[in-house]
Amino acid sequence: MGITDLRGEWLAAKRALFEKYYGRLNGKQREAVFTVNGPVLILAGAGSGKTTVLVERIGYIIRFGNAYMSDYMPSDVTEEDVARLKRALDEPEEEIAKILPSFAVNPCPEYRMMAFTFTNKAASEIKARLGSVGGIDAGFIWAGTFHHICMLILRVHAEKLGYKEGFTVYDADDSKKAIKEAMKAVNADERMLPDAAVIRAISRAKDNLMDPELYERDMAGDLRARAIAQVYRRYQADLKRSNAMDFDDIIMQTVLLLRTFPEVADYYRARFRYLSVDEFQDTNIAQFALIRELTGPADNLMVVGDDDQSIYRFRGATIENILSFDKVYKESAVIRLEQNYRSTSNILDAANAVIAKNRNRHEKSLWTERESGTKVQILPLPNQDREAGFIMKIIKDTVGNGGCRYGDFAILVRTNALCNYLEQHLIRAGVPYRMIGTVRFNTRKEIQDIRAYLSLLVNPDDDQRLLRIVNEPSRKIGAKTLAAIMQIAQQTGQSCFAVMQRADDYEAIPKAARESCKNFTALIGELRQAVDSGKRPDEMIDLVADMSGYRAMLEQDMESGEDRLNNIMELKSTALSIMQRRDDKSLSCFLEELALQSDVDNYDSAADAVVLMTVHSAKGLEFRNVFLPAMEDGIFPNSRALLEGSEGEEEERRLAYVAMTRAKDNLVITYARERMLYGQTSIGLPSVFLADVPDKVKTGPAELREDRRRAVPGHAFPARQKEAEKPVAKPKSEPIPKWREGDAVVHPAFGKGEILSVRPAGPDSILEVVFETAGTKKLMASAARLRPASE
DNA sequence: ATGGGGCTGCTTTTT
DNA sequence: GCAGCCCCAT
């Protein structure tokens with residue numbers, strides 16, 4: 001055998017061994033795993049095993065480097081070696097696994113690997129799966145969301161940008177408040193500038209890496225934009241003074257850091273040899289810029305995504321990132337994964353038909369080897385209660401038959417508001433369920449309050465959080481005192497906390513309040529000492545609740561105090577689970593995680609409960625049976641989205657595509673003729689998307705095919721209808737309780753009482769009630785939460 | 001200074 | 001329908 005032949009045979013045998021070892025993957029998936037050097041774009045259709053590829057590829061690089069593709073051969077290889085490799089092909093996998101490491105070419109240590117995921121849950125899944133592969137210590141991989149990875153960088157370098165250690169992360173609620181404050185401070189005209197629009201504009205500016213100056217320069221012509229720029233500038237200054245960053249800052253400031261301090265960027269570029277990005281279709285300009293800053297000269301960057309599943313345009317995600325990736329990285333390999341392993345062909349055909357109408361997309365054809373399965377059911381129901389009842393019946397019947405468990409069902413909705421009636425029916429039907437992403441747990445007042453205390457211990461400069469709890473529970477520090485404190489803070493450039501510490505020095509602070517101020521700062525000081533002495537976050541929650549008097553306050557509250565105390569205990573268990581997950585058990589790490597944690601992170605697919613969530617939250621998940629209720633024009637596609645033109649409509653289509661492709665075995669789509677939403681009843685038409693589903697893959701009444709008239713955007717649902725067109729309100733809609741003089745009643749706050757008089761007021765009536773302990777009150781019958789005192 | 005009642009306005013999707 | 005906000009009564 002000549003030397004060239006020997007080389008060819010050895011390489012072929014090596015590759016055959018790798019192919020066999022990765023035999024569970026299909027050819028395209030293996031190609032994706034083995035293509036490690038240089039830029040790679042993987043277009044991964046729904047259910048095409050994207051996560052598997054991502055995990056296997058990272059594991060492959062760590063263990064074998066570029067072994068498969070490399071043409072390197074050791075110089076001492078003999079014919080006998082080649083023969084041995086060929087024989088090894090017939091051996092079991094464990095034996096092959098022992099040989100493969102000897103082929104390794106530049107394997108990459110864990111700590112030089114970075115992986116961006118869309119949720120924290122996805123990151124822990126990747127780590128867990130890699131951890132189970134022999135010899136990989138997944139804990140050293142930097143895997144996490146964009147926000148998480150940026151926080152890892154910012155925590156080391158934020159001081160270079162003028163932030164202090166332990167800066168606070170503002171959630172959406174915090175930043176909304178701060179923006180409102182900023183609007184007040186610059187006298188922004190609320191008529192012209194609804195706060196929601198300002199919040200969006202500022203967020204969008206940050207997504208596009210525009211600081212206030214840049215924004216102002218760019219928008220110079222536009223009066224409205226100039227006003228927004230003013231608010232933006234003020235807001236940004238307030239954030240800095242409070243030593244806080246909002247969600248968008250976390251990304252933007254990191255990019256700014258890397259661009260302003262090349263030595264910092266160089267460090268990360270040198271350290272991280274391989275980057276991968278999941279859900280690339282949902283990245284925005286700032287995120288792509290970040291990726292480019294972090295990618296070293298070798299451009300070892302892999303992105304996975306599916307342009308058809310891009311559903312975060314409203315958050316600044318730009319589908320252009322994925323559509324033009326191969327133009328930005330000219331040498332990039334493009335690999336398409338088009339085999340779907342998840343859904344039956346009927347479900348897949350239905351979803352494909354809906355997405356096919358979009359124009360701005362990479363052409364692709366997903367296929368499956370799975371059988372056709374049951375047809376997609378599309379069913380009209382007279383109203384939402386019948387609709388929900390129908391869904392409950394299917395769930396209970398199927399579980400009753402032993403066909404499925406509750407955990408096999410998901411109900412996916414377009415908007416959070418739809419969760420309400422569905423939840424009520426789930427409760428009424430006694431179906432165990434888990435609701436994801438609606439009223440977020442952390443938005444409860446008591447949670448935010450405790451969190452405000454805790455963050456004040458780490459960052460005393462945060463006036464907003466200080467003001468939140470300085471008088472909660474009451475410390476006799478009222479509006480007048482606080483106004484004085486804030487004014488002094490503003491004038492002297494100090495934080496409110498610093499002013500309060502030296503309350504005695506300021507004449508403007510009422511004498512009576514000075515002692516309270518000092519007591520408060522002393523309390524915070526004491527608590528901070530507890531942190532410094534090594535108390536863990538879960539212990540600090542207790543300590544804060546006790547020492548601040550918050551617990552005592554709740555114990556006084558007969559009405560809801562117990563629930564709220566339980567919520568605080570729940571926060572403790574959140575703290576414990578976060579501490580379990582993270583090596584860093586500090587208070588600031590806990591707070592950071594709390595702010596950046598999303599609700600899907602808590603979704604437990606093992607729990608035997610029906611899951612109810614928005615389509616957005618369901619991204620990346622799969623279920624045996626999926627219900628898609630409220631598939632009506634105006635709701636899905638959402639009429640507001642349609643106002644944004646064809647881009648909006650295409651996104652709604654993608655959203656529908658995501659929703660449908662979550663289903664493995666059964667997909668049931670329903671719509672109601674009559675629906676009550678936002679307090680109004682209205683008539684609905686089936687979603688336009690339903691007409692695109694081919695007849696041969698769906699079942700349902702024939703009327704579906706005739707009843708299709710294209711609805712005018714915004715017409716089907718009443719939100720923007722003119723007064724005259726509003727459907728006549730049903731008088732029976734919500735019966736106002738009829739009370740009579742002399743009725744014995746119970747009020748949740750005032751306790752027992754008796755109706756003194758009833759005076760009609762339109763459809764409502766005004767009640768005069770005398771309570772046993774609370775005296776006489778006048779109440780509106782519809783608003784007062786009165787119950788008959790039956791006992 | 002505080003707390004409750006009642007009015008107004010909004011209501012897509014979220015790290 | 002609900003939450004946030006303002007105002008009024010204690």
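No experiment lies behind these values; they were computed from the predicted model shown. Below, chains carry the letters A, B, ... as their sequence lines are ordered, and counting in each starts from 1.
Straight-line distance from the CZ atom of A:Phe280 to the P atom of B:dT15: 20 Å, rounded to whole Å. Spacing between atom CD of A:Glu632 and atom C1' of B:dT12 amounts to 16 Å, rounded to whole angstrom units. The interatomic distance linking A:Leu594 (CG) with B:dT15 (P) rounds to 13 Å, in whole Å. Taking atom CZ of residue A:Arg200 and atom P of nucleotide B:dT14, one finds them 14 Å apart after rounding to whole Å. Distance A:Ile436 CD1 to B:dT14 P: 12 Å, rounded to the nearest Å. For the pair A:Leu418 CG and B:dT13 P, the computed distance is 9 Å after rounding to whole Å. Regarding A:Ile199, its CD1 atom lies at a distance of 13 Å from the P atom of B:dC10, rounded to whole Å. In this structure, the CG atom of A:Leu612 is 13 Å from the P atom of B:dT13, given to the nearest Å.
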Please write out the pairs of protein N or O atoms and N or O atoms of nucleotides 4-8 of chain C separated by less than 3.5 Å, giving the distance to one decimal.
residue, atom, partner, partner atom, Å
C:dC5, OP1, A:Lys180, NZ, 3.1

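Nearest-nucleotide mapping onto DNA chain B: of A:His147 and A:Thr481, the residue sitting toward the 5' end is A:Thr481. Comparing A:Ile477 and A:Thr145 by the nucleotide of DNA chain B that holds the closest heavy atom to each, the one mapping nearer the 5' end is A:Ile477.
Heavy-atom minimum distance, A:Met252 versus A:Met210: SD-O, 4.1 Å.
Counting heavy atoms from C-beta on, the side chains of A:Cys496 and A:Met486 come closer than 4.5 Å. Using a 4.5 Å cut-off on side-chain heavy atoms (C-beta onward), A:Val169 and A:Leu591 make no contact.
When heavy atoms are screened at a 4.0 angstrom cut-off, A:Phe146 is found touching no nucleic acid atom at all. Using a 4.0 Å heavy-atom criterion, one finds that A:Asn120 contacts no nucleic acid atom at all. Counting any heavy atom pair closer than 4.0 Å across all strands shown, A:Glu644 reaches a base atom. A:Thr119 comes within 4.0 angstrom of nothing in the nucleic acid, heavy atoms only.
In the set B:dA1, B:dT14, B:dT12, B:dT14 carries the atom at the smallest distance from any side-chain atom of A:Asn416. When distances run from any side-chain atom of A:Met676 to the nucleotides B:dT13, C:dG1, B:dT14, the shortest one goes to C:dG1. Of the candidates B:dT14, B:dT15, B:dT12, B:dT12 carries the atom nearest the A:Ala641 side chain, counting heavy atoms from C-beta on. Comparing C:dG1, B:dT11, B:dT14 against the side chain of A:Thr614 picks out B:dT14 as the nearest. When the nucleotides B:dT14, B:dT12, B:dT15 are ranked by their closest atom to the side chain of A:Phe314, B:dT14 comes out on top.
In terms of the ring pair (Phe, Tyr, Trp, His ring centres under 6.0 Å) criterion, A:Tyr163 has no residue partners (sequence neighbours excluded). Judged as a ring pair (Phe, Tyr, Trp, His ring centres under 6.0 Å), and not counting sequence neighbours, the contacts of A:Tyr312 are A:Phe118, A:Phe314, A:His616. Under the ring pair (Phe, Tyr, Trp, His ring centres under 6.0 Å) criterion, A:Phe636 pairs with no residue, sequence neighbours left out. Looking at residues two or more places apart in sequence or on another chain, you find no ring pair (Phe, Tyr, Trp, His ring centres under 6.0 Å) involving A:Phe689. Residues passing the side chain to side chain donor-acceptor pair (under 3.5 Å) test with A:Gln384, sequence neighbours excluded: none.
Checking the phosphate oxygens (OP1, OP2) of B:dT12, no side-chain nitrogen or oxygen of A:Ser639 falls inside 4.0 Å. Here A:Arg640 reaches the OP1 or OP2 of B:dT12: one of its side-chain N or O atoms lies under 4.0 Å away.
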